[in-house]
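One structure is given below, encoded as structure tokens.
Side-chain atoms are counted along with the backbone in the values below, which use heavy atoms only and exclude waters and symmetry mates.
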Number of protein chains: 2
Amino acid sequence: MQKREARSKKRERSKKREERERSKKREERERKSSAVPKKVDHEARRQEISAALWRIAVTRGLDGASLRDVAAEAGISLGRLQHYFRTKDEMLLFALRRINQLAADRVRERIEALAGEPTPREVLRACLSGMLPLDEKSRTGLLVGAAYYVRAVHDPALRAEAQQGIPELRDFFVSQLQRAVERGELDPGRATAEEAMLLIGTVDGLATYVLLDVHEPETALRLLDRCLDNLFGKG
Amino acid sequence: MQKREARSKKRERSKKREERERSKKREERERKSSAVPKKVDHEARRQEISAALWRIAVTRGLDGASLRDVAAEAGISLGRLQHYFRTKDEMLLFALRRINQLAADRVRERIEALAGEPTPREVLRACLSGMLPLDEKSRTGLLVGAAYYVRAVHDPALRAEAQQGIPELRDFFVSQLQRAVERGELDPGRATAEEAMLLIGTVDGLATYVLLDVHEPETALRLLDRCLDNLFGKG
DNA sequence: CGCTATCCAATACAGTTGACCTGGAAACGG
DNA sequence: CCGTTTCCAGGTCAACTGTATTGGATAGCG
């Protein structure tokens, strides 16, 4: 347990007050070039609020997270929260983008962490296992992602956000499969976009069942390995 | 400044009033042999309410469905709805069980509809494709199921409900794989519970992406066939 | 110093929510 | 007929929702 949620609404923050730095990018407003009398880092504050939102979403679900709850969890007032996110949807969308980015970073790290010249299979395994809820962090990310998923089904804006990264991921998988063919590790007929999408869908389904406690994380990993066995041949 | 949303609450039922019939099954109550002055079919009424709930859940999501909304959609008063479901959770749980049952029935029908003596692959294909959102009905079912999924992640009672049918399904798949081995259509090493769970997970992932509009239904079906090709060998 | 913009706590507001309650209509057994 | 029970429309209620507003603290700039 690394994180404890003190129910006290007392603000004990005031230490992050230092990290103001530059952050010149004005994400949605066009300020009139007037000097910047601001001192706080908007981006950092929003990330803190996002983290508070996730903490609630993991335990109570996304819909059970009211603005007041999030503000309390973040240890700030409702007024302050509304200063950084003018509407609830704005907060939700920001938090979704952020968690997707974190997930992508995690997968990227996993790949770069592979020593030497990893085989295509090793790269794929690293990438796919990074999409499974194997530790607390990725579990949280997927849990929150699932909460967004249901909303995305009904909300076109969220849906577009959710669909965004998939083609890129698929193409990356195809390139790895292609590389495996060139190395003689894979049947040429299986280096297609269809196989790539099949892999992605399978891992997604496995993750779903892990979150439902149908599978243990290790079970999901074993199933993933068997899936790769089927693909590359049990060497 | 009251914004009235144009919501057609007009529902012209009043003819369902006739289908009361017998229905001797007292689903949860044990009447003490006292004469039954009741005239309506509780089970049928609850199913109607469930259907109304699903209609809302498909378009607006499960959490966007208040008791008043459901009552309006069902064309009944709030008081009447609460007569049949004392709490909201009771209604939700009933509707979940019902939709799971309908999905199971649909898969069963698909299997029984196969002519002659279907091969194991044909049986598996029928079953798996029955779990995909290929028509409006199954799409609705999966959409509602997805809405429940997110709740099940946080609610133990719902989670138990969601986990319920999986072992049975897995065992059925294993039996079909075993049968395929005996017929010489499958490598004996692949007739395991792991392969069965892999199939289930894959279809689940594919269904997820169809609901997200990442795949067209036909695409998902093609991917399923390729998955079976990989399993049985491309005949 | 003033001026102005940012930052944010507190409160108000208008609406919705689920649960509960009351009372009476309808159907049955007697 | 009466009494009992089911059935159900309507209303009430406290709690909660997202958003808007007010007022003041703080900080940078001329």
Side-chain angles (χ1 to χ4, degrees), chain A residues 9-11 13-14 16-18 20 22-23 26 28-46 48-49 53 56 60-72 74-93, chain B residues 1-5 7 9 11 13-14 16-18 20 22-23 26-27 29 31-46 48-49 53 56 60-72 74-93:
Chain A
K9 302 190 181 349
K10 288 134 185 81
R11 53 197 75 77
R13 66 224 185 282
S14 78
K16 293 294 187 62
R17 193 73 57 151
E18 308 311 311
R20 60 190 67 169
R22 285 301 75 136
S23 171
R26 288 290 136 262
E28 81 246 29
R29 288 233 223 258
E30 64 301 299
R31 289 279 134 258
K32 302 298 179 45
S33 79
S34 82
V36 242
K38 82 185 333 184
K39 54 175 190 210
V40 304
D41 185 341
H42 270 215
E43 185 68 16
R45 288 267 182 249
R46 294 193 187 193
E48 288 173 27
I49 295 173
L53 169 61
I56 295 177
R60 265 181 291 167
L62 246 192
D63 301 275
S66 71
L67 291 181
R68 277 165 244 264
D69 290 339
V70 176
I76 64 176
S77 73
L78 175 59
R80 170 126 78 138
L81 188 149
Q82 289 189 112
H83 175 71
Y84 289 107
F85 296 109
R86 276 173 319 196
T87 84
K88 188 178 187 181
D89 284 341
E90 193 180 314
M91 176 184 74
L92 257 29
L93 188 55
Chain B
M1 60 190 69
Q2 288 80 342
K3 184 171 75 79
R4 289 270 172 273
E5 303 180 340
R7 247 191 264 174
K9 298 189 196 287
R11 283 291 174 278
R13 53 196 56 232
S14 78
K16 296 289 189 59
R17 199 68 60 146
E18 307 309 311
R20 61 190 66 169
R22 283 300 77 138
S23 170
R26 288 290 140 256
E27 62 285 0
R29 287 226 225 264
R31 290 276 135 260
K32 296 300 178 41
S33 80
S34 85
V36 242
K38 83 186 330 184
K39 54 171 194 230
V40 303
D41 185 338
H42 270 214
E43 184 68 16
R45 286 269 182 249
R46 294 192 188 195
E48 288 173 27
I49 295 173
L53 169 61
I56 296 178
R60 261 180 293 166
L62 246 192
D63 301 275
S66 70
L67 291 180
R68 285 169 177 83
D69 289 338
V70 175
I76 64 176
S77 72
L78 177 58
R80 169 130 78 145
L81 188 149
Q82 290 188 306
H83 174 71
Y84 288 107
F85 297 108
R86 275 174 315 210
T87 86
K88 189 178 186 182
D89 283 342
E90 192 179 315
M91 177 184 72
L92 256 28
L93 187 56

#### Entry: Which nucleotide in C/dC8, C/dT17, C/dA9 has an atom nearest any side-chain atom of A/R45
C/dC8
### Residues that B/I56 engages under side chain to side chain contact (heavy atoms under 4.5 Å, CB included), provided they are two or more places apart
B/R60, B/A65, B/D69, B/V70, B/E73
### Task
Would you kindly give the CD-to-P distance between B/E48 and D/dC7, to the nearest whole Å?
14 Å
### Message
Could you measure the distance from the CZ atom of A/F85 to the CZ atom of A/R45? Nearest 0.5 Å is fine.
### Response
12.0 Å
### For atom CZ of A/R80 and atom P of C/dC8, their distance in whole Å
4 Å
### Query
Can you tell me how far CG of A/L62 sits from CG of A/L53, rounded to the nearest 0.5 angstrom?
6.0 Å
### Message
Rounded to whole Å, please give me the gap between OH in B/Y84 and C1' in D/dA9.
### Response
13 Å
### Task
Starting at CD1 of B/I49, measure out to CZ of B/R80 and round the result to the nearest 0.5 Å.
8.0 Å
#### Entry: By side chain to side chain donor-acceptor pair (under 3.5 Å) - contacts of A/D89 (at least two apart)
none
### Query
For A/F85 and C/dC7, what is the distance between atoms CZ and C1' respectively, to the nearest whole Å?
15 Å
### Query
Using the C1' atoms of the five pairs at each end, what is the angle between the end axes of the helix from C/dC8-D/dG23 to C/dG30-D/dC1, to 10°?
10°
### Message
Please report the distance, rounded to the nearest Å, between CG in A/L81 and C1' in C/dA10.
### Response
15 Å
Produce the list of close N/O pairs, under 3.5 Å, pairing protein atoms with atoms of nucleotides 18-20 of chain D; give distances to one decimal.
unit_1, atom_1, unit_2, atom_2, d
D/dG18, OP1, A/K88, NZ, 2.4
D/dG18, OP2, A/L67, N, 3.0
D/dG18, N7, A/R68, NH2, 2.6
D/dG18, O6, A/R68, NH2, 2.5
D/dT19, OP2, A/K88, N, 2.9
D/dA20, N6, A/Q82, NE2, 3.2

### Message
What is the separation between atom CG on B/D69 and atom P on C/dT16, rounded to the nearest whole Å?
### Response
10 Å
### Query
In chain order, what residues pass the side chain to side chain contact (heavy atoms under 4.5 Å, CB included) check against B/Q82, with sequence neighbours excluded?
B/L67, B/L78
#### Entry: OH-CD distance between A/Y84 and A/E48, expressed to the nearest 0.5 angstrom
8.5 Å
### Task
Figure out the NE2/C1' separation between B/H42 and D/dC7, and round it to whole Å.
8 Å
### Query
When the distance from CG of A/D41 to P of C/dT6 is rounded to whole Å, what number comes out?
16 Å
